[in-house]
Protein chains: 2
Amino acid sequence: MNDSDEGASRRKDARRNKETLLDAAAAVFVTSGVEAPVRDIAAEAGVGLGTIYRHFPTRADLIIAVYRHQVEACAEAGPALLRSSATPHAALAQWIDHFVDFLVTKHGLAAVLQSGNADFDALHAYFLDRLVPVCTQLLEAAAAAGEIRSALQAYELMRGVGNLCIGADSDPRYDARRLVELLIAGLRLPAPRG
Amino acid sequence: MNDSDEGASRRKDARRNKETLLDAAAAVFVTSGVEAPVRDIAAEAGVGLGTIYRHFPTRADLIIAVYRHQVEACAEAGPALLRSSATPHAALAQWIDHFVDFLVTKHGLAAVLQSGNADFDALHAYFLDRLVPVCTQLLEAAAAAGEIRSALQAYELMRGVGNLCIGADSDPRYDARRLVELLIAGLRLPAPRG
DNA sequence: GACGATACGGAACACCGTTCCGTTTAACAA
DNA sequence: TTGTTAAACGGAACGGTGTTCCGTATCGTC
């Protein structure tokens with residue numbers, strides 16, 4: 001854990017406020033979704049707007065900070081699954097499942113991730129930088145094992161899965177997990193010359 | 001064509017402005033995307049903001065009006081494909097392809113369709129009302145022919161396809177068509193006991 | 001040409017993310 | 001303890017949304 005001191009201030013109140021803000025943001029994200037107004041988060045934390053923007057230069061930075069640990073955990077789960085699973089394809093499926101679980105339980109996160117809104121480019125880039133290499137590794141292992149057709153880049157798969165998760169909360173008629181399953185099923189190689 | 005007179009005004013300038021507005025909106029949507037500011041459209045049409053909002057009570061209504069003809073054409077293409085195609089599954093695949101082409105060529109339309117933003121509920125509802133029944137018909141025909149696993153509602157498939165199209169413009173690394181193909185491939189029944 | 005209904009334009013409003021700056025406060029030295 | 005100073009604070013203000021409102025201009029009719 002080298003992230004607890006890298007941006008830490010000399011002043012106790014500043015450190016405390018940053019923690020308070022992260023907690024408040026996490027709470028507001030749960031109840032109102034990731035797109036909740038910055039003012040709501042400031043109010044929840046009992047803090048002014050200036051304080052938010054000093055600690056987190058942009059909304060995207062705040063969102064990244066809130067979910068960093070979970071994204072790191074997801075990234076680290078990839079190699080672990082590859083070691084513990086029966087086949088690379090099983091590892092891939094489980095990893096995607098893990099990722100989908102993460103996205104689906106964060107109201108509006110998937111939508112914001114793929115919104116194309118320039119405000120969230122940093123968020124988009126962070127997710128991609130951290131997770132695409134892991135996905136590539138899983139994909140290549142599965143391809144090497146001859147379990148999948150290899151015509152798909154990890155980037156494309158990640159975006160596709162992310163897209164499928166949009167709106168999965170707040171709509172009981174739409175089950176993103178099932179569609180992602182279908183996508184992964186379509187990826188599987190049916191037979192050498194089907 | 002009964003939509004050319006259903007909301008037509010008694011005044012010539014009003015009718016002309018509505019046409020001008022539709023053309024201007026279409027032009028702006030092509031260059032700046034569907035999320036272009038209303039003011040840009042008003043400026044392009046050489047018209048005030050009030051005029052836009054009298055003819056189209058909400059942004060969503062304007063978008064619906066601009067794309068109505070194409071959505072109708074898509075809806076009508078469903079039964080036609082079912083008649084002209086070799087198998088129901090082929091008809092389904094072609095129809096989905098048609099729909100994807102439509103979405104992918106309209107900057108930001110897919111994103112706005114699934115944004116969950118209440119402002120666009122009417123747009124979302126219109127697409128669904130018009131296209132889900134068509135998709136249901138195709139899906140049921142393919143299921144009856146034993147070509148697909150039937151565990152997917154048309155609503156879910158439409159949302160999934162729509163989601164996959166988000167951001168397909170403006171990112172050469174992401175090919176929505178390929179992912180939709182994979183999804184449809186995953187839908188196909190491999191064998192009675194695979 | 002006059003008149004009433006209709007439509008027009010754009011200022012004004014509410015809300016957003018973000019910036020700016022005068023004020024407060026923590027940390028430290030004397 | 002007290003004084004000094006750099007850091008952090010709060011929130012008004014800015015620029016940009018979608019939308020509303022209403023005084024003004026215009027069309028169709030008599």
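Below, chains carry the letters A, B, ... as their sequence lines are ordered, and counting in each starts from 1.
The CZ-P distance, from F56(A) to dA8(D), rounds to 13 Å in whole Å. Counting to the nearest Å, the P atom of dT26(D) and the CZ atom of R16(B) are 12 Å from each other. L123(B) has its CG atom 15 Å from the P atom of dG18(D), to the nearest Å. Rounded to an integer number of Å, the gap from CG of L62(A) to P of dT18(C) is 10 Å. Between the C1' atom of dT19(C) and the CZ atom of R59(A) lies a distance of 17 Å, rounded to the nearest Å. Taking atom CG of D119(B) as the reference point, atom P of dT20(D) lies 10 Å away to the nearest angstrom. Computed from coordinates, the F120(A) CZ to dC16(C) C1' distance equals 11 Å when rounded to whole Å.
When side chains are defined from C-beta on, I184(A) does not count as touching I148(A), because their heavy atoms never get closer than 4.5 Å. Contact annotation: the side chain of D169(B) never approaches that of V104(B) to less than 4.5 Å [non-hydrogen atoms, C-beta and beyond]. With a 4.5 Å cut-off on side-chain heavy atoms, R54(A) and N17(A) do not count as touching.
Heavy-atom distances to DNA chain D give each of Y53(B) and K12(B) a nearest nucleotide, and the one nearer the 5′ end belongs to Y53(B).
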The contact string for nucleotides 4-12 of chain C, one letter per nucleotide 5' to 3', using protein heavy atoms under 4.0 Å with B, S and - for base, sugar-phosphate only and none, comes out as -BBSBBBBB
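Applying the 4.0 Å criterion to OP1 and OP2 of dT19(D), one finds that T58(B) has a side-chain N or O inside that range.
Using a distance-only test at 3.5 Å, with no hydrogens or angles considered, a donor-acceptor pair links the side chain of D61(A) to the main chain of T58(A). Judged by distance alone, the side chain of S32(A) and the main-chain N or O of F29(A) form no donor-acceptor pair under 3.5 Å.
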Taking distance alone, no hydrogens or angles, what donor-acceptor pairs closer than 3.5 Å link side-chain atoms of residues 78-101 of chain A to residues at least two apart or in another chain?
{"residue": "S84(A)", "atom": "OG", "partner": "A80(A)", "partner atom": "O", "Å": "3.3"}
{"residue": "S85(A)", "atom": "OG", "partner": "L81(A)", "partner atom": "O", "Å": "2.9"}
{"residue": "S85(A)", "atom": "OG", "partner": "Q94(A)", "partner atom": "OE1", "Å": "3.2"}
{"residue": "T87(A)", "atom": "OG1", "partner": "H89(A)", "partner atom": "N", "Å": "3.4"}
{"residue": "T87(A)", "atom": "OG1", "partner": "A90(A)", "partner atom": "N", "Å": "3.1"}
{"residue": "T87(A)", "atom": "OG1", "partner": "E147(A)", "partner atom": "OE2", "Å": "3.1"}
{"residue": "W95(A)", "atom": "NE1", "partner": "C74(A)", "partner atom": "O", "Å": "2.9"}
{"residue": "D101(A)", "atom": "OD1", "partner": "R177(A)", "partner atom": "NH1", "Å": "2.0"}

